[in-house]
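Beneath this line is the structure, given in structure tokens, with notes to follow.
Lettering follows sequence order; numbering is per chain, from 1.
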2 protein chains.
Amino acid sequence: MNSLPSPSKSDAAFPFTVYEQQFKALADSQRLEILHHITAAGSVCVCDLTERMNLPQSKLSYHLKILLDASLIDREKHGTWNYYMLNDQALNHLLSEELCCLFRGK
Amino acid sequence: MNSLPSPSKSDAAFPFTVYEQQFKALADSQRLEILHHITAAGSVCVCDLTERMNLPQSKLSYHLKILLDASLIDREKHGTWNYYMLNDQALNHLLSEELCCLFRGK
DNA sequence: TTATTACATCAAAATAAATTGATATAATAA
DNA sequence: TTATTATATCAATTTATTTTGATGTAATAA
């Protein structure tokens, strides 16, 4: 489910690469808006987002892939549709409870 | 102390710009390493970091400015030295308690 | 005053990320 | 089978970020 290596705080030479990737994924207002939509809706397909955000499909697929690769969201295939939902575990590990309902679940 | 506007969760058109800036600041392994050093040391000057991280001074000033502009750290001038320290309030608002001691205080 | 230390800032070059429009694929419907 | 829908991916371009080396400045020391 989570393909990222799990970092250890005690490793002095820890290169922060996992956190770097996850913060990079969060470092874009369009992706934050995507996360916000997913947070509000529970799960969304690409077509939901193209309608709501008025962005081209290829752009959304690109940004969703970045969030997916960083394990901040998960994907489920149903027929022709791809549904995206929050990866609560990863988001709760990373973000404060005060960001609850903004771009992370409860 | 914190020059960033305070975002409101209830604003439907909220553009996430503050969070974008803060996550951008975190989205770089060198800056995470800087934060980690500051977390460990309490406060550091640029010369401490040039020694510990073996990076040119201008590069460190550049990255420190990005963290500073995002209000993730604060600066205090003492003579010729500039000391940098964590902005605990901003970091605690943003990051989970599990990241305590990695790049945020207690 | 001159020299030195600690640092910020600048402009140019290098690198990385985002955007666009096109094409490919897989599932379903006709 | 053919058409359609939903989506991923690709290559080219545009835009943003990072790096580098140089220069400027302010504080202190000689």
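- The side chain of B/Tyr84 contributes an N or O atom lying less than 4.0 Å from OP1 or OP2 of C/dA8.
- With distances taken from any side-chain atom of B/Ser61 to the nucleotides C/dA8, C/dT19, D/dA8, the minimum falls on C/dA8.
- Within the 4.0 angstrom heavy-atom criterion, no nucleotide atom of any strand lies near B/Leu49.
- By the 30° and 60° cut-offs, the orientation of the rings of A/Phe103 relative to B/Phe23 is perpendicular.
- Counting only heavy atoms from C-beta on, A/Lys24 has its side chain closest to C/dA17 among C/dT9, C/dT20, C/dA17.
- Here D/dT7 is the nucleotide among D/dT7, D/dT20, C/dA6 with the atom lying nearest to any side-chain atom of A/Val46.
- The shortest side-chain heavy-atom distance between A/Leu99 and B/Tyr19 falls under the 4.5 Å cut-off.
- If you check C/dA8, D/dT9, C/dT20 against the side chain of B/Arg75, the one that comes closest is C/dA8.
- The side chain of B/Tyr62 sits closest to D/dT17 out of C/dA18, D/dT17, C/dC7.
- Residue A/Thr80 has its side chain nearest to D/dT5 when only D/dA8, C/dA17, D/dT5 are considered.
- Nucleic acid contact for B/Leu60: none, since no nucleic acid atom lies under 4.0 Å from a heavy atom of the residue.
- Nucleotide C/dA8 holds its C1' atom 11 Å from the CG atom of B/Leu64, rounded to whole Å.
- For residues 48-67 of chain A, the salt bridge (charged side-chain N to carboxylate O under 4.0 Å, His left out) pairs, not counting sequence neighbours, are A/Lys65-A/Asp69.
- In the set D/dA22, D/dT18, D/dT7, the nucleotide with an atom closest to the side chain of B/Ser58 is D/dA22.
- Of the candidate nucleotides C/dT19, D/dT19, C/dA6, D/dT19 has the atom lying nearest to any side-chain atom of B/Gln30.
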